[in-house]
Amino acid sequence: MAIKLRIIVPIIDTSLLAGVQEEAQAWCTVGTQVDVVQIERGPQSIENSYDEALSVPGILELVQQAKDDGIDGIFVSCFAEPGVHAAREIFDGPVFGGFEPAIHAALGTADKIGILTVLPDVLSMLHRLIGAYGLSKRVTDIRVVDMPVLSVGQHDLLVDRLEAQARTALDSGAAQSFVLGCTGMLDVAHAVSARLSADYGQIPVMDPTGSAITALEQAVRLKAVPSRATYYPPRTKERV
């Protein structure tokens, strides 16, 4: 079954594009095609609710284009999931951000899930997502590496800081399994997991891009499309 996926990068900075394409393609199974598009207007990065709101109009324009292009599934490449629920109202295939697929993958690995994310600025957004999904009893810890989104390309530094924060959470009993809380954290999950597992036994670290791509492939095959009993298509009316 041929599957066509599209990744929407909801920021205007271009430094992550090549890495996003490479990592997403590496997660695809044979027969799945994935391409990457980017908003033209919006924030340079998403690190608060203001940035998130500015990104949404451009995201929805690209969702409409994906519908016209016959795309089967969409990944909005941001852990905060900007515009995802609105996108499900206008797109007939599965739409995921970074949060939901990665958390769902982690739920089968431990009782206490920790999120390792970028800055204190994003904590309120993540706490709202955890509450909205009813996950407060399972997602028990969030820690930051104090690196802006546009600096997470510093691979070695990022891995060191992720490992340090995860070790603190493990030693305190706050978390037992981890999710990377930024889709810009590319190609680091396995390295962090390997370092932790060397001392603690198996400690999984979920990559949000890999989680989203594999979840989209599964959703397309299962025909797990947005329910129109939840995501009502917008009524026809003037919108400017």
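Since the model is a prediction, treat every value here as computed from it, not as a measurement.
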> Hey, any chance V37 and I3 share a hydrophobic cluster, counting ILVMFWY side chains that come within less than 4.5 Å of each other, even indirectly?
Replying inline: no
>> Strictly below 4.0 Å, N to O, side chains only: are R161 and D156 in salt-bridge contact?
In response: no
> Tell me the ring-ring contact (aromatic ring centres under 6.0 Å, His included) pairs involving residues 115-174, sequence neighbours left out?
Replying inline: F99-Y133
>> Could you walk me through whether D92 and R228 satisfy the salt bridge (Lys or Arg N to Asp or Glu O under 4.0 Å) test, starting with their C-alpha distance in whole Å, then the side-chain angles of each, then the deciding distance to 0.1 Å, before giving a yes or no?
In response: CA-CA 9 Å; D92 291 330; R228 294 303 171 220; 2.9 Å; yes
>> Within the 4.5 Å heavy-atom criterion, are C182 and V149 side-chain neighbours or not?
In response: yes
>> Do I142 and T117 make a side-chain contact, defined as non-hydrogen atoms from C-beta onward lying under 4.5 Å apart?
In response: yes
> Quick one: are V188 and V152 in side-chain contact, heavy atoms under 4.5 Å?
Replying inline: no
>> Within the structure provided, determine whether S193 and Q202 are in side-chain contact (heavy-atom separation under 4.5 Å).
In response: no
> What residues form a side chain to side chain contact (heavy atoms under 4.5 Å, CB included) with D111, not counting sequence neighbours?
Replying inline: Q176
> If Ile, Leu, Val, Met, Phe, Trp and Tyr residues are connected whenever their side-chain heavy atoms lie under 4.5 Å apart, and connections chain through other members, are L129 and V144 in the same group?
Replying inline: yes
> Hey, does V122 have a side-chain heavy atom less than 4.5 Å from the side chain of N48?
Replying inline: no
> Once you round to the nearest 0.5 Å, how far does CG of L170 lie from CD of Q165?
Replying inline: 11.5 Å
> Does V225 have any side chain to side chain contact (heavy atoms under 4.5 Å, CB included) partners at least two apart in sequence or in another chain, and if so, which?
Replying inline: none
> Would I203 end up clustered with L107 when hydrophobic side chains under 4.5 Å apart are linked, directly or stepwise?
Replying inline: yes
> Below 4.0 angstrom, N of the basic side chain to O of the carboxylate: do K67 and D69 qualify?
Replying inline: no
> If we only count heavy atoms from C-beta on, is the R167 to D199 side-chain gap below 4.5 Å?
Replying inline: yes
>> Suppose we screen for side chain to side chain contact (heavy atoms under 4.5 Å, CB included). Which residues come up paired with R88, at least two apart in sequence or across chains?
In response: V84, H85, V95, F96, E100, P226, Y231
>> Once side chain to side chain contact (heavy atoms under 4.5 Å, CB included) is applied, do any residues pair with R41, and if so which ones, sequence neighbours excluded?
In response: E61
>> Within the 3.5 Å criterion, strictly below it, is a donor on T183 or S77 matched to an acceptor on the partner's side chain?
In response: yes
> Within a strict 4.5 Å, meaning less than it, do heavy atoms of the L119 and M147 side chains meet?
Replying inline: no
> Distance-only, no hydrogens or angles: does the T230 side chain make a donor-acceptor pair with backbone N or O of S227 under 3.5 Å?
Replying inline: no
> If you measure from the Lys or Arg side-chain nitrogens to the Asp or Glu carboxylate oxygens, is any gap between R6 and D35 under 4.0 Å?
Replying inline: yes
>> Would you compute the distance between atom CD1 of I115 and atom CE of M206 and round it to the nearest 0.5 angstrom?
In response: 13.0 Å
>> Checking T32 against E217: is there a side-chain donor and acceptor pair closer than 3.5 Å?
In response: yes
>> Test: ring-ring contact (aromatic ring centres under 6.0 Å, His included). Region: residues 40-78. Which pairs qualify, not counting sequence neighbours?
In response: none
>> Please evaluate residues T14 and Q38 with respect to the criterion side chain to side chain donor-acceptor pair (under 3.5 Å), reporting the C-alpha separation (whole Å), side-chain torsions for both, the decisive distance (0.1 Å), and the verdict.
In response: CA-CA 8 Å; T14 61; Q38 183 175 34; 5.8 Å; no
>> Counting only heavy atoms from other residues, nucleotides and ligands, does the tally under 6.0 Å from CD of E22 exceed 12?
In response: no
> More than 12 heavy atoms of other residues, nucleotides or ligands under 6.0 Å from CZ of R239: is that the case?
Replying inline: yes
>> Under the side-chain contact (heavy atoms from CB on, under 4.5 Å) test against V20, which residue among T209, V34, I7 passes?
In response: I7
